[in-house]
Structure formats: C-alpha cells, structure tokens
Amino acid sequence: MSCIFCKIAAGEIPSAKLYEDEEIVIFKDIEPKAKIHLLCVPKDHFATLAELNDERSALLGRTFAKIARLRDGLGLTGGYRLIVNQGEDAGQTVHHLHIHILGGEPLPW
Ligand code: 5GP
Ligand code: ZN
C-alpha cells in the first residue's frame, strides 16, 4: 500500500495525532497554512467525492459532526474553515480524501 495517509492512519508513518477513533484520524499538517492546520482523514481509502456511496456519505456526515464536537479540544473555539481539495485545479496532492481544518486565528479569504 503506497498511500501516505493510509500509512499515517495505520501508524506506519509518524504524525502529530490529536484524535483517532475506528473510522477517522486527525493530525497536524506538516506544512501549516494557518496557526492551526489539521487534516481529518477517514481511514477508508478513496480519492475524491466522486467515489462516495451511501456508506461513505454516512461516514462523512459522522466525520463533520465529530469535527464540530471536537472544536474546543482542537483549539478552534473561535471558528474554523474546512477545505476538501478535489483534483488538479484545486491542487490536490494526496489522493486519499481528507478535510483540511484551518483556524486558531482570523483567516484571510
Ligand atoms: P492536498 O493538497 O492534497 O489537499 O493536501 C495534502 C496535505 O497533506 C498538504 O497540506 C501537505 O502539507 C500534507 N502532507 C503531505 N504529506 C504529509 C505528511 O507526511 N505528514 C503530514 N502531517 N502532512 C502531510
Ligand atoms: Zn489511502
């Protein structure tokens, strides 16, 4: 398995993990674009939203709810921005679906 986020999720590559459960992991982005820049990665490997099915749609719904619940513990009480890059024009470099979580300061648009 050559996917870097699968390896991070499996603990085969070290990362600064802030949260983990049976279906997602949240860790610090290695090149932060804001004071707080986290990546939320479902353990299920799929590249883009084009690969959603009912099960994955439900997984993403639970994932958004978890991010909202974890807000304060992640240091995001003041608010946060979620970004899901899709494909080339968005600059997606890791082809395992992930949600960028940005915050910790007022964010420029
Ligand atoms: P994308 O551009 O695909 O939406 O975002 C990929 C993100 O993964 C980038 O922000 C990049 O900094 C981050 N990233 C890439 N490799 C690693 C890594 O090995 N560890 C961590 N923590 N983040 C990574
Ligand atoms: Zn993967």
Side-chain angles (χ1 to χ4, degrees):
M1 169 242 293
S2 62
C3 171
I4 191 155
F5 285 177
C6 281
K7 286 182 175 162
I8 287 175
E12 290 166 17
I13 289 178
S15 68
K17 278 185 194 172
L18 282 84
Y19 176 81
E20 179 169 16
D21 64 22
E22 64 288 354
E23 55 187 10
I24 65 164
V25 59
I26 298 177
F27 54 92
K28 292 185 183 177
D29 195 294
I30 208 165
E31 274 184 60
K33 304 290 191 298
K35 193 167 172 196
I36 296 175
H37 185 174
L38 310 176
L39 296 169
C40 178
V41 175
K43 292 182 176 178
D44 183 15
H45 177 98
F46 58 103
T48 71
L49 297 171
E51 293 168 62
L52 284 187
N53 51 27
D54 286 352
E55 202 175 314
R56 286 171 175 163
S57 297
L59 164 66
L60 282 194
R62 290 192 297 275
T63 299
F64 281 120
K66 284 174 192 173
I67 291 170
R69 273 204 305 275
L70 291 166
R71 182 194 67 180
D72 291 354
L74 297 174
L76 300 164
T77 308
Y80 54 92
R81 178 175 297 155
L82 303 181
I83 296 173
V84 186
N85 287 326
Q86 298 290 282
E88 218 172 305
D89 281 0
Q92 184 178 5
T93 57
V94 178
H95 299 284
H96 178 137
L97 190 118
H98 52 281
I99 303 164
H100 292 262
I101 307 173
L102 298 155
E105 61 184 343
L107 300 168
W109 183 236

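One-based numbering, in listed order, for ligands and for the atoms of each. The structure displayed is predicted, hence computed values, not measured ones.
The aromatic rings of Phe5 and His96 sit perpendicular to each other, their planes meeting at more than 60°, with 30° as the lower class boundary.
Listed for the Glu55 side chain is no donor-acceptor partner under 3.5 Å among the backbone atoms of Ser57.
For His45, the N/O/S atom at the shortest distance from the Zn ion (ligand 2) is named ND1. As for His96, its N/O/S atom nearest the Zn ion (ligand 2) is the one called ND1.
Between the Zn ion (ligand 2) and Cys6 there is an N/O/S contact shorter than 2.8 Å.
Connection of Leu60 to Tyr80 is established within a shared hydrophobic cluster, with ILVMFWY side chains joined at heavy-atom distances below 4.5 Å, either directly or through further cluster members. Linking ILVMFWY side-chain heavy atoms closer than 4.5 Å, directly or via other members, places Ile67 and Leu38 in a single hydrophobic cluster.
Within 4.0 Å of ligand 1, protein heavy atoms belong to Ile4, Phe5, Ile8, Phe27, Lys28, Asp29, Ile30, Glu31, Leu39, Asn85, Gly91, Gln92, Thr93, Val94, His98, His100, listed by chain and number.
Remark: Asp21 engages Tyr19, Lys66 in a side-chain hydrogen bond (donor to acceptor under 3.5 Å, both in side chains) (not counting sequence neighbours). Every residue meeting the side-chain hydrogen bond (donor to acceptor under 3.5 Å, both in side chains) condition with Asp44, not counting sequence neighbours, appears here in chain and number order: Arg56. Thr48 pairs by the side-chain hydrogen bond (donor to acceptor under 3.5 Å, both in side chains) definition with nothing, not counting sequence neighbours.
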